[in-house]
Amino acid sequence: MPAPQLIPIGKNKPLTLKRQKYVSEYVNNGGNGTQAALVAYDAKNSATAHAISTRVLKEPEVQESIKELAKGIGIDETRYFETPDRTQV
């Protein structure tokens with residue numbers, strides 16, 4: 001059986017199939033990384049999924065893919081990566 005083709009998403013390098021699934025789940029569920037990892041990586045518990053998500057979200061290719069997918073479906077991509085200003089009360 002031939003190896004599955006990697007779809008080039010992002011500007012740096014193609015994402016693996018699991019990372020593609022993670023990106024899709026992440027955008028579709030509103031940015032819940034733990035939930036996306038539970039689905040994409042078949043993680044057995046939320047602690048493992050959270051650890052996977054923390055690692056995967058640091059990858060520039062994944063960040064770029066999330067932004068591109070969100071933008072492509074009309075969602076403001078900045079909502080996934082901007083840190084809220086907590087200095088205002």
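Fair warning: this is a prediction, and the values are worked out from it, not measured in the lab.
- Nearest heavy-atom pair across A70 and V27 is CA-CG1, 4.2 Å.
- Looking at residues two or more places apart in sequence or on another chain, you find no side-chain hydrogen bond (donor to acceptor under 3.5 Å, both in side chains) involving T54.
- The shortest distance between side-chain heavy atoms of E61 and R19 does not fall below 4.5 Å.
- Shown here are the side-chain hydrogen bond (donor to acceptor under 3.5 Å, both in side chains) partners of N32, two or more places apart in sequence or in another chain: there are none.
- Between K21 and V39, some side-chain heavy-atom pair lies under the 4.5 Å cut-off.
- In this structure, CD1 on I73 lies 5.5 Å from CG on N28, to the nearest 0.5 angstrom.
- With sequence neighbours left out, the side chain to side chain contact (heavy atoms under 4.5 Å, CB included) criterion links A36 to Y22, E25, Y26, N29.
- Remark: K71 engages E77 in a side chain to side chain contact (heavy atoms under 4.5 Å, CB included) (not counting sequence neighbours).
- Taking CD1 from I66 and CD from E64, the interatomic distance works out to 10.5 Å, rounded to the nearest 0.5 Å.
- Under the rule for a salt bridge (Lys or Arg N to Asp or Glu O under 4.0 Å), the partners of K44 that lie at least two apart in sequence or sit in another chain are D42.
- A search for side chain to side chain contact (heavy atoms under 4.5 Å, CB included) contacts involving S46 returns T34, not counting sequence neighbours.
- Residues satisfying the side chain to side chain contact (heavy atoms under 4.5 Å, CB included) criterion with D76, sequence neighbours excluded, are T78.
- Residues I75 and L69 have side chains not in contact (no heavy-atom distance under 4.5 Å, counting atoms from C-beta outward).
- Clustering ILVMFWY residues whenever any of their side-chain heavy atoms sit less than 4.5 angstrom apart, transitively, puts L57 in a cluster other than the one holding L38.
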